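Before any comments, here is the structure.
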Amino acid sequence: FYTLDAAKTDNESVYDSGTFSQAILVSILKRGVEQMKKADMFEAACEIYHLLLPMFEGDRDYKSLAEAHGDLQGIYQSILKCNAEESRLF
């Protein structure tokens, strides 16, 4: 489970400005994607990306968009593989 302290980056502290920034939210959501992938909860990882993509688009962060779409491709490939192997319980 993540606390706000876990979301801090080297340059940014949650408590410095007294607000919760978009950068901190993005950091937490990216960690969530990684955790969902580790747990083979690929569909949940895709849903998290549905929250992240509009933020990247709004910021015109094309590097993050490219990385996200590349990761989504891998996630969808993992879903197809798991479905073909029937290796998940759901």
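Just so you know, these numbers come straight off a predicted model, no measurement behind them. Just so you know, residue 1 is the first one in the sequence shown, and it goes up from there.
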Report task. Could you check if a side-chain atom of Asn83 sits within less than 4.5 angstrom of a side-chain atom of Phe42, using non-hydrogen atoms only? Result -> no
**Report entry** side-chain contact (heavy atoms from CB on, under 4.5 Å) partners for Ala66, two or more places apart
**Finding:** none
Query - Distance in Å, Leu72 CG paired with Leu65 CG, rounded so as to fall on 0.5 Å steps - result: 10.5 Å
Query raised in the report: What residue pairs, at least two apart or across chains, pass side-chain hydrogen bond (donor to acceptor under 3.5 Å, both in side chains) with a residue in residues 44-58?
Result: Tyr49-Asp71
Query raised in the report: How would you list, by chain and number, every residue that makes a side-chain contact (heavy atoms from CB on, under 4.5 Å) with Leu80, sequence neighbours excluded?
Result: Gln77
Query raised in the report: Ser21 and Ile24: side-chain contact (heavy atoms from CB on, under 4.5 Å), yes or no, with the steps?
Result: CA-CA 5 Å; Ser21 70; Ile24 294 170; 3.4 Å; yes
Query - Minimum heavy-atom distance between Ala44 and Met36, given as atom pair plus value - result: CB-SD, 3.6 Å
Query - Any Glu43 side-chain heavy atom under 4.5 Å of Ile75 side chain - result: no
Report task. Please answer whether the main-chain N or O of Ala23 pairs with a side-chain N or O of Ser27 as donor and acceptor at a distance below 3.5 Å. Result -> no
Report summary line: Rounded to the nearest 0.5 Å, the NE2 atom of His69 sits from the CZ atom of Phe56 at a distance of 9.5 Å
Query raised in the report: Any ion pair linking Arg31 and Glu34 (charged N to carboxylate O, less than 4.0 Å)?
Result: no
Requested in this report: Supply the atom-to-atom distance Asp40 CG to Ser87 OG, rounded to the nearest 0.5 angstrom.
Outcome: 7.0 Å
Report task. Output all residues satisfying side-chain contact (heavy atoms from CB on, under 4.5 Å) with Lys63, sequence neighbours left out; order by chain, then residue number. Result -> Asp61, Glu67
Query - Pairing residues for Gln22 by the side chain to side chain donor-acceptor pair (under 3.5 Å) criterion, not counting sequence neighbours - result: Asp59
Report task. Please indicate whether Glu85 has more than 12 foreign heavy atoms, meaning atoms of other residues, nucleotides or ligands, lying under 6.0 Å from its CD. Result -> yes
**Report entry** Value rounded to 0.5 Å, distance of CG in Leu29 from CD1 in Ile48
**Finding:** 6.5 Å
